[in-house]
Trainee: 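Just dropping this structure here.
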Amino acid sequence: MVLLEKALDAGAQLLRARVEKVTVRNGRVECVHVSEKGYHRSIPTHIFVNAAGPMLQKVSEIIGLELPIFHERHPKVSMRDTLGILPRHAPLLIWEDSQRLTWEDEDREILAGSKETQWLFNGLPSGVHVRPESGPESQNILFLWPYDLEPVKPTFPVPIPASYPEIALRELVTMLPDMKICLERMPKPVVVGGYYTKTKENRLLCGPLPIDGAYVLGALSGYGLMAASGAGELLAAELSGSTLPEYAPAFTLERYENPVYLKMLQDWSPTGQL
Ligand SMILES: Cc1cc2nc3c(=O)[nH]c(=O)nc-3n(C[C@H](O)[C@H](O)[C@H](O)COP(=O)(O)OP(=O)(O)OC[C@H]3O[C@@H](n4cnc5c(N)ncnc54)[C@H](O)[C@@H]3O)c2cc1C
């Protein structure tokens, strides 16, 4: 918001509308067409930045390009910890061991008998996160467990299984055993979710696209709040013709055409992910 306010003070205009079409002539951006609630506007320009977050691919298709990205669904739960089990001064806690969930005998029998829920008894991934939300006077905690990272096509509202809060809470009990009491009578959870837009190696995309005047800034995965200022500064340098830092090529789409980079990706880890 600070940056937006500064941009507005410096003369930028904010237009709340959906990009519907981009006119490209002779391989060059010419005009961006936007609409909102029956209102249409065409903006002649030679620069178009696709920074559409989870809609990055969809907006990219408008200019006929496919980006090497995928999307994971990431829900999170906000719940009142009325018993103060998580101290308010606790830092962000992340459980890194794989684990098995514990169930009452009766539940186990039902869940193990169903094809849809059998996976709950396999070795499950690590990664439950929890932290206090807001200040010491609040009772809210935030937690999430990314147990289902199958790539999906983003749709809104984000479809989240009704069982998500309880399953994530069960994982949380491994790290904070006293939370078990909440399983008997779970405080009303508020579940929200979004998508991580990622490249294979989990490194963002920032720079020119193979159409003159088209740029991308996206695939900020689960670190976009932290990386946004740096990524924005990098793209601003590109657009304003400033000297680029030496690391700029590491974030361009073009990096995937560099055989040295592709070889490095193979060596990093089985998935090439940082
Ligand atoms: C549950 C969850 C927790 C997270 N926690 C953290 C965290 O703790 N720390 C952290 O650093 N990051 C976190 N992230 C990641 C972070 O939220 C994202 O990386 C970041 O928001 C991505 O920023 P973006 O600008 O690329 O996309 P967005 O913030 O999604 O912005 C994209 C914008 O493009 C607009 N748009 C889309 N299509 C069009 C169109 N056709 N025309 C016009 N506009 C369009 C959208 O309306 C939106 O305003 C979390 C993400 C999730 C889902």
Side-chain angles (χ1 to χ4, degrees), residues 1 3-4 7 13-23 29 31-37 39-43 45 47-65 67 69-79 91-94 127-134 140-149 151-161 164-165 168 189-199 202-207 209 214-236 251 253 274:
M1 289 311 294
L3 293 173
L4 176 60
Q13 285 178 37
L14 176 65
L15 184 63
R16 294 182 193 278
R18 182 186 300 269
V19 174
E20 302 281 7
K21 202 177 134 197
V22 177
T23 308
V29 171
C31 192
V32 177
H33 308 269
V34 299
S35 74
E36 187 67 20
K37 295 183 186 144
Y39 152 100
H40 300 276
R41 184 164 158 193
S42 296
I43 307 165
T45 175
I47 292 181
F48 171 64
V49 179
N50 178 1
M55 306 317 277
L56 205 64
Q57 192 73 279
K58 200 160 176 233
V59 172
S60 194
E61 284 162 13
I62 294 178
I63 50 172
L65 293 177
L67 298 174
I69 54 172
F70 62 96
H71 308 90
E72 291 169 354
R73 200 171 37 190
H74 283 257
K76 65 180 175 188
V77 183
S78 170
M79 187 184 86
L92 172 66
L93 304 171
I94 305 178
V128 72
H129 292 46
V130 65
R131 69 167 171 82
E133 184 186 29
S134 307
N140 272 11
I141 60 167
L142 274 180
F143 60 96
L144 60 88
W145 180 30
Y147 61 81
D148 176 13
L149 295 180
V152 290
K153 200 168 174 189
T155 53
F156 293 91
V158 182
I160 299 170
Y164 181 81
V190 177
V191 191
V192 290
Y195 297 95
Y196 286 10
T197 303
K198 298 170 80 167
T199 59
N202 211 8
R203 181 183 278 196
L204 61 90
L205 285 171
C206 180
L209 290 168
Y215 298 83
V216 62
L217 178 45
L220 288 146
S221 187
Y223 56 78
L225 303 184
M226 295 180 283
S229 302
E233 189 173 44
L234 182 57
L235 193 70
F251 297 103
L253 179 64
L274 294 174

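None of these values were measured; they are calculated from a predicted model. FYI, the numbering just counts along the sequence from 1. First listed ligand is number 1; within each ligand, the first listed atom is number 1.
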Trainee: Check whether any side-chain heavy atom of L209 sits under 4.5 Å from a side-chain heavy atom of F48, and report yes or no.
Mentor: no
Trainee: Which bit of V19 gets closer than 4.0 Å to ligand 1, counting heavy atoms only: side chain, backbone, both or neither?
Mentor: both
Trainee: Does ligand 1 have any atom that is closer than 4.0 Å to a heavy atom of A17?
Mentor: yes
Trainee: Near S221, which atoms of ligand 1 are under 4.0 Å from a heavy atom of that residue?
Mentor: 15 (C), 18 (C), 19 (O)
Trainee: State, with a plain yes or no, whether a side-chain heavy atom of P165 is found less than 4.5 Å away from one of M79.
Mentor: no
Trainee: Considering the heavy atoms of P54, write down every atom of ligand 1 situated less than 4.0 Å from one of them.
Mentor: 30 (O)
Trainee: Closest non-hydrogen protein atom to atom 21 (O) of ligand 1, residue and atom name please, with distance?
Mentor: L225 CD2, 4.4 Å
Trainee: State the atoms of ligand 1, each with its element, that fall below the 4.0 Å cut-off from a heavy-atom position in H74.
Mentor: 1 (C)
Trainee: On a heavy-atom basis, which atom in A227 and which in L220 lie closest, and how many Å separate them?
Mentor: CB-CD2, 4.1 Å
Trainee: Evaluate the 4.0 Å heavy atom contact test for atom 12 (N) of ligand 1: does a protein atom fall under the cut-off?
Mentor: yes
Trainee: Measuring to protein heavy atoms, does anything land under 4.0 Å from atom 9 (N) of ligand 1?
Mentor: yes
Trainee: Minimum heavy-atom separation for A219 to L205, with atom names?
Mentor: CB-N, 4.2 Å
Trainee: Using protein heavy atoms only, decide if any is under 4.0 Å from atom 34 (O) of ligand 1.
Mentor: yes
Trainee: Of the choices F156, Y196, Y195, Y223, which has the non-hydrogen atom that lies closest to atom 2 (C) of ligand 1?
Mentor: Y196
Trainee: In terms of residue, atom name and distance, what is the protein heavy atom nearest to atom 20 (C) of ligand 1?
Mentor: G224 CA, 4.0 Å
Trainee: I need the nearest protein heavy-atom contact for atom 45 (C) of ligand 1: residue, atom name and distance, please.
Mentor: A52 CB, 4.5 Å
Trainee: Considering only protein heavy atoms, which is closest to atom 27 (O) of ligand 1, and at what distance to one decimal place?
Mentor: G53 CA, 3.2 Å
Trainee: Do any non-hydrogen protein atoms sit less than 4.0 Å from atom 48 (C) of ligand 1?
Mentor: no
Trainee: Nearest heavy atom to atom 6 (C) of ligand 1: which of S35, A51, G222 does it belong to?
Mentor: G222
Trainee: What part of P75, side chain from CB on, backbone N/CA/C/O, both or neither, has a heavy atom under 4.0 Å from ligand 1?
Mentor: neither
Trainee: So which heavy atom on G218 is nearest to which on L56, and how close?
Mentor: CA-CD2, 3.9 Å
Trainee: Is there a side-chain hydrogen bond (donor to acceptor under 3.5 Å, both in side chains) between S134 and N140? Walk through the geometry before answering.
Mentor: CA-CA 7 Å; S134 307; N140 272 11; 5.9 Å; no
Trainee: Which option, L220, T197, V34, L205, owns the non-hydrogen atom nearest atom 25 (O) of ligand 1?
Mentor: L220
Trainee: A quick test of your reading: do over 12 heavy atoms of other residues, nucleotides or ligands sit less than 6.0 Å from CD of E61?
Mentor: yes
Trainee: Using heavy atoms and a threshold below 4.0 Å, how should the contact between M55 and ligand 1 be classified: side chain, backbone, both, or neither?
Mentor: side chain
Trainee: Hey, what's the ring geometry for Y164 with Y147, parallel, tilted or perpendicular (30° and 60° as the breaks)?
Mentor: parallel
Trainee: Protein heavy atoms near atom 42 (N) of ligand 1, is at least one of them under 4.0 angstrom away?
Mentor: yes
Trainee: Salt bridge check, R16 against E36: does any charged N sit closer than 4.0 Å to a carboxylate O?
Mentor: no
Trainee: Can you label the angle between the H74 ring and the Y196 ring as parallel, tilted or perpendicular, going by 30° and 60°?
Mentor: parallel
Trainee: In terms of atom number and element, which parts of ligand 1 are under 4.0 angstrom from non-hydrogen atoms of G194?
Mentor: 53 (C)
Trainee: So which heavy atom on I62 is nearest to which on K21, and how close?
Mentor: CG2-CA, 3.7 Å
Trainee: Heavy-atom distance under 4.5 Å between the side chains of V130 and V128, does that happen here?
Mentor: no
